[in-house]
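See structure below.
First the proteins, then the strands, lettered A, B, ... as listed; each starts at 1.
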Number of protein chains: 2
Amino acid sequence: MAGDGTIGKACDVLDQVAAFARPVRFAELLESSNFPKATLYRFLQTLTNQGMLSYDLDRQTYTPGLRLVRLAHAAWTQSSLAPIARPFLDALSRETGETVHLAQLDSNQVLYVDKRNAAQPIEMYSQAGKVGPAYCTGVGKAMMAFLDEAALNRAVSQQSYHRFTDKTLTSEAALRADLDLIRNRGYAVDDEEHEPGIICIACPILTSGGRMLGAISVTGSTERMNFDQLETWVPRVRRVAEQIGAEAQAWRFPETRPSADTDRMQAT
Amino acid sequence: MAGDGTIGKACDVLDQVAAFARPVRFAELLESSNFPKATLYRFLQTLTNQGMLSYDLDRQTYTPGLRLVRLAHAAWTQSSLAPIARPFLDALSRETGETVHLAQLDSNQVLYVDKRNAAQPIEMYSQAGKVGPAYCTGVGKAMMAFLDEAALNRAVSQQSYHRFTDKTLTSEAALRADLDLIRNRGYAVDDEEHEPGIICIACPILTSGGRMLGAISVTGSTERMNFDQLETWVPRVRRVAEQIGAEAQAWRFPETRPSADTDRMQAT
DNA sequence: AACACAGTTTCATTATTTGGAACTGAAAAA
DNA sequence: TTTTTCAGTTCCAAATAATGAAACTGTGTT
């Protein structure tokens with residue numbers, strides 16, 4: 001994955017800082033990277049200077065910078081399916097009363113780009129941007145199943161196959177078998193493969209040409225329901241996925257995108 | 001602002017793509033940048049390759065990439081005041097029933113990092129990441145007023161002073177005068193300077209050492225209230241700002257940050 | 001068939017990055 | 001106090017990567 005000259009290296013550094021998920025010291029980064037001291041130092045300086053990292057002078061620590069938040073807003077608005085999918089997610093969430101996720105694939109990981117939570121309806125951004133494993137989540141498998149062969153091979157080979165529960169698929173072969181099944185029936189299932197007690201169904205979002213754009217899922221808990229009940233929703237979820245796919249295809253390009261930023265700022 | 005070697009240029013390109021706020025063609029970028037064709041081309045390739053941009057093969061357009069969303073999640077969680085401020089914003093929003101903003105300064109612009117909206121309580125991430133002008137918003141002025149002299153000079157000189165309404169402060173002198181006032185009384189006011197009908201009060205968030213971290217505001221509309229009513233909330237807002245400042249100072253560094261990622265994923 | 005034009009590739013030149021090593025300053029150990 | 005240690009910082013010749021003018025490609029147009 002690495003290695004586009006200077007820019008690639010700089011991105012690696014960003015990822016590394018982000019990966020710590022807490023403020024990091026120079027020394028810690030030095031250890032976990034394989035850049036020489038001076039090189040890493042200069043990268044950190046430059047990135048900080050650019051606002052891609054932020055440096056706490058007192059504690060001498062780095063964290064990802066706010067400029068990323070600004071840029072991500074644009075990314076979320078333009079590159080993600082979230083603005084298009086929003087009304088559909090709202091509807092689906094209302095109808096099912098369950099947690100609904102919208103995800104896309106990033107570096108063969110699941111990137112959650114939007115969410116509706118049954119219980120606690122706030123909590124949005126804390127989820128958008130979160131990543132998860134692809135091989136043991138409904139959305140992850142739904143997406144992988146509809147990649148073209150080359151991309152699928154890459155994706156499948158890059159999974160970690162960590163055993164989260166005793167139902168987790170822990171081999172490439174098992175995953176491939178499940179993906180074939182998913183491709184045939186058109187939806188994926190997560191039967192407590194990632195977290196005990198959590199089950200879900202997921203449908204891929206595809207263009208009419210068959211290109212995979214993302215996936216949506218409805219999640220439930222085994223305490224409140226079983227699979228048969230959850231699968232009741234499959235036709236509805238599939239239909240929503242189709243609608244999102246169709247809109248995504250149509251939407252792109254009224255030359256100036258109408259108003260992805262939906263609500264008036266009213267800020268101050 | 002520009003010019004840290006290759007990395008700086010790459011960041012410029014990212015900003016440029018983001019600035020279009022819609023998918024952009026190569027030619028459009030070429031026109032608005034001053035990079036030579038081949039140079040710009042290679043930057044776009046590399047950034048796309050890294051997931052910092054995404055490229056629509058069909059339409060031949062670039063948009064900011066999803067990797068930014070992933071990185072921003074980390075930035076928001078770690079570098080912003082949002083996780084610390086969350087409960088305070090919730091409370092303030094409940095008590096006042098008005099729109100509440102949390103902002104920080106990024107490139108001398110206001111970056112909204114969190115929000116509670118009176119009317120429509122969802123809508124979070126669409127706001128987090130949005131930027132606004134500093135010289136004509138409550139939070140912007142509250143923050144600028146408490147910058148140290150060097151930073152303040154830079155900030156003041158970089159404002160655009162565009163006249164949004166006939167109450168907008170449109171000169172450096174007028175702004176500086178207002179900032180002095182704000183510094184003395186400890187809070188800022190936006191009297192329809194950005195949008196007609198929208199008024200707000202804002203308090204800076206400071207460390208005990210006086211370093212400015214951000215600001216919070218309560219916004220109202222002239223239809224429903226006047227300034228006297230709104231200013232009733234000043235002591236409360238100031239207190240919340242102080243609490244957030246104190247927590248921010250304390251929080252940073254239980255060596256492994258307890259759990260910035262608050263809620264269980266339950267994803268799939 | 002000829003043209004126009006957006007997008008892509010090439011390659012010798014130029015400028016930047018690189019990283020070993022030496023330096024600094026503050027804090028811990030003697 | 002003096003010495004040691006070590007994280008963080010600076011330096012500079014060598015190595016590498018970025019540069020950009022110009023040539024090319026291929027798609028869609030006159």
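- Between A:Thr6 and C:dT16 there is no side-chain N or O to OP1 or OP2 distance below 4.0 Å.
- Remark: C1' of D:dG28 and CZ of B:Arg25 are 13 Å apart, rounded to the nearest angstrom.
- Taking A:Ala151 as the reference, A:Leu147, A:Asp148, A:Arg154 meet the side-chain contact (heavy atoms from CB on, under 4.5 Å) condition, with sequence neighbours excluded.
- Salt bridge present: A:Glu172 and A:Arg176 bring a charged side-chain N and a carboxylate O closer than 4.0 Å.
- One atom, CG of B:Leu30, and another, P of D:dA21, lie 12 Å apart when rounded to the nearest Å.
- Of the candidates B:Leu71, B:Val131, B:Leu111, B:Leu111 is the only one forming a side chain to side chain contact (heavy atoms under 4.5 Å, CB included) with A:Val69.
- Just one residue in the list A:Asp12, A:Val24, A:Leu47, A:Thr61 forms a side chain to side chain contact (heavy atoms under 4.5 Å, CB included) with A:Val17, and that residue is A:Val24.
- Between B:Tyr62 atom OH and C:dG7 atom C1' there is a gap of 9 Å when expressed in whole angstrom units.
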Got a list of protein N/O to nucleotides 26-28 of chain C N/O distances below 3.5 Å?
none

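- Taking atom CD on A:Gln60 and atom P on D:dG8, their separation rounds to 6 Å, with Å as the unit.
- With sequence neighbours excluded, no residue forms a ring pair (Phe, Tyr, Trp, His ring centres under 6.0 Å) with A:Phe146.
- One N or O on the side chain of A:Ser80 and one on the backbone of A:Ala82 form a donor-acceptor pair closer than 3.5 Å.
- Rounded to a whole Å, the CD atom of A:Gln45 is 13 Å from the P atom of D:dG8.
- Residue B:Lys9 places at least one side-chain N or O closer than 4.0 Å to OP1 or OP2 of D:dT19.
- Atom CG of A:Asp4 is separated from atom C1' of C:dT17 by 16 Å (rounded to the nearest Å).
- Between B:Tyr41 and B:Phe26, the two ring planes are perpendicular [angle over 60°; tilted spans 30° to 60°].
- Atom CD1 of B:Ile7 is separated from atom C1' of D:dA18 by 13 Å (rounded to the nearest Å).
- Pairs engaging residues 73-82 of chain B under the salt bridge (Lys or Arg N to Asp or Glu O under 4.0 Å) rule: none recorded [sequence neighbours left out].
- Partners of A:Phe164 according to the ring pair (Phe, Tyr, Trp, His ring centres under 6.0 Å) rule, which considers only residues two or more places apart in sequence or in another chain, are A:His162, A:His194.
- Of the residues in residues 34-42 of chain B, those lying under 4.0 Å from DNA chain C by heavy-atom distance are B:Lys37, B:Ala38, B:Tyr41.
- Taking atom CZ of residue B:Phe43 and atom C1' of nucleotide C:dG7, one finds them 18 Å apart after rounding to whole Å.
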